[in-house]
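In what follows, a single structure is set out as structure tokens and then discussed.
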Amino acid sequence: MNSYSEEIREEDFAALIRQNNHAAMKALYDKYVRYLAAICSRYLNNDEDVRDVLQESFIKIFSSIGNFVYHGKGSMKNWLAKITVNETLRFIKINGRLEFVPIDNENQDIENEEPEIDSIPLSAIQNMIRELPSGYRTIFNLYVFEEKSHKEIASILNIKESTSASQLHRAKAILADKIRKFQLLNDFTR
């Protein structure tokens with residue numbers, strides 16, 4: 001089997017990869033590399049780091065494909081994303097890339113109202129997230145995209161729940177400020 005249709009069942013796809021079918025491995029890589037790179041990019045702002053983590057993620061994916069359990073359509077994509085997030089967090093921890101910024105009192109009174117983002121390009125919002133300090137960015141991504149609780153984040157990052165909550169609050173405040181500035185500079189109306 002040289003080409004793989006979009007409709008191949010995920011469990012069949014996994015079975016081919018378990019048999020070291022190189023065409024299936026390439027097809028999996030081609031199908032998901034951009035999606036998984038986008039996940040890495042949410043956490044890491046250095047493109048070389050993204051490539052390194054992506055490579056490690058695919059090594060982990062191919063070596064642990066035997067652990068994949070089909071739970072319905074989309075379960076492979078979710079499994080791949082989970083591995084990639086875990087590899088990204090491992091990279092951040094090993095390389096000391098997780099920096100928490102102390103919250104100073106002068107910036108405590110930031111508006112809590114979330115700005116309207118419908119008219120802002122997704123790429124601009126992604127760039128704003130990438131510009132956050134690493135601690136803010138990591139906690140924001142875990143909370144918003146991975147839907148982790150502060151308790152789970154605290155366990156993953158070995159921090160206090162209150163640190164997770166305060167860093168998330170600050171990340172949201174910084175993003176809201178960046179969005180408002182973007183809207184002003186680009187003459188967006190609410």
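By convention here, the first residue in the shown sequence is residue 1.
- Tyr35 carries Lys77 over the face of its six-membered ring, with the cationic atom under 6.0 Å from the centre and within 45° of the normal.
- The backbone N or O of Gly72 sits less than 3.5 Å from a side-chain atom of Ser75, completing a donor-acceptor pair.
- Nearest heavy-atom pair, Tyr136 versus Leu132, reported as atom, atom and distance to 0.1 Å: CB-CB, 4.2 Å.
- A donor-acceptor distance shorter than 3.5 angstrom exists from the side chain of Glu10 to the backbone of Met76, with no hydrogens or angles considered.
- For the atom pair CZ (Phe140) and CD1 (Ile129), the distance works out to 4.5 Å, reported to the nearest 0.5 Å.
- Between atom CG of residue Leu80 and atom CG of residue Leu28 there is a gap of 5.5 Å, rounded to the nearest 0.5 Å.
- Nearest approach of Leu16 to Ala24, heavy atoms of both residues: CB-CB, 3.7 Å.
- Without hydrogens or angle criteria, Gln167 side chain to Ser164 main chain gives no donor-acceptor distance under 3.5 Å.
- Between Lys178 and Glu131 there is a salt bridge, since a side-chain N of the basic residue sits under 4.0 Å from a carboxylate O of the acidic one.
- Residues that satisfy the salt bridge (Lys or Arg N to Asp or Glu O under 4.0 Å) test with Arg130, not counting sequence neighbours, are Asp47.
- Heavy atoms from other residues, nucleotides or ligands lying under 6.0 Å from OH of Tyr29 number 12 at most.
- Across all their heavy atoms, Leu44 and Phe91 have their closest contact at CD2-CD2, 3.9 Å.
- The environment of Asn158 atom CG is sparse: at most 12 non-hydrogen atoms of other residues, nucleotides or ligands sit within 6.0 angstrom.
- When atom types are taken as modelled, the side chain of Asp177 and the backbone of Ala173 share no donor-acceptor pair closer than 3.5 angstrom.
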- Task: Check step by step if side chain to side chain contact (heavy atoms under 4.5 Å, CB included) holds for Arg90 and Lys93.
- Result: CA-CA 5 Å; Arg90 189 176 70 75; Lys93 288 178 191 176; 5.9 Å; no
- Query: Would Phe182 and Met128 count as a side chain to side chain contact (heavy atoms under 4.5 Å, CB included) if you check the C-alpha gap in whole Å, the side-chain angles of each, and the deciding distance to 0.1 Å?
  - Reply: CA-CA 10 Å; Phe182 181 90; Met128 290 176 204; 3.6 Å; yes
- Arg42/Glu146 under salt bridge (Lys or Arg N to Asp or Glu O under 4.0 Å): CA gap, chis, key distance, verdict: CA-CA 11 Å; Arg42 285 198 316 247; Glu146 311 308 328; 2.6 Å; yes
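- Distance CG/Leu142 to OG/Ser149: 10.5 Å, rounded to 0.5 Å.
- In this structure, OG1 on Thr84 lies 4.0 Å from CG on Leu36, to the nearest 0.5 angstrom.
- Residues Ser57 and Glu87 approach most closely at OG-CB, 3.4 Å, considering heavy atoms.
- Taking both residues in full, the closest heavy atoms of Thr138 and Tyr43 are given as O-CE2, 3.9 Å, listed atom of the first, atom of the second, then distance.
- Separation of atoms SG (Cys40) and CD (Glu56) is listed at 11.0 Å; rounding is to 0.5 Å.
- If you take CZ on Phe68 and CD1 on Ile17, they are separated by 9.5 Å, rounding to the nearest 0.5 Å.
- Of all the heavy atoms in Ile83 and Ser64, the pair that sits closest is CD1-OG, 4.0 Å.
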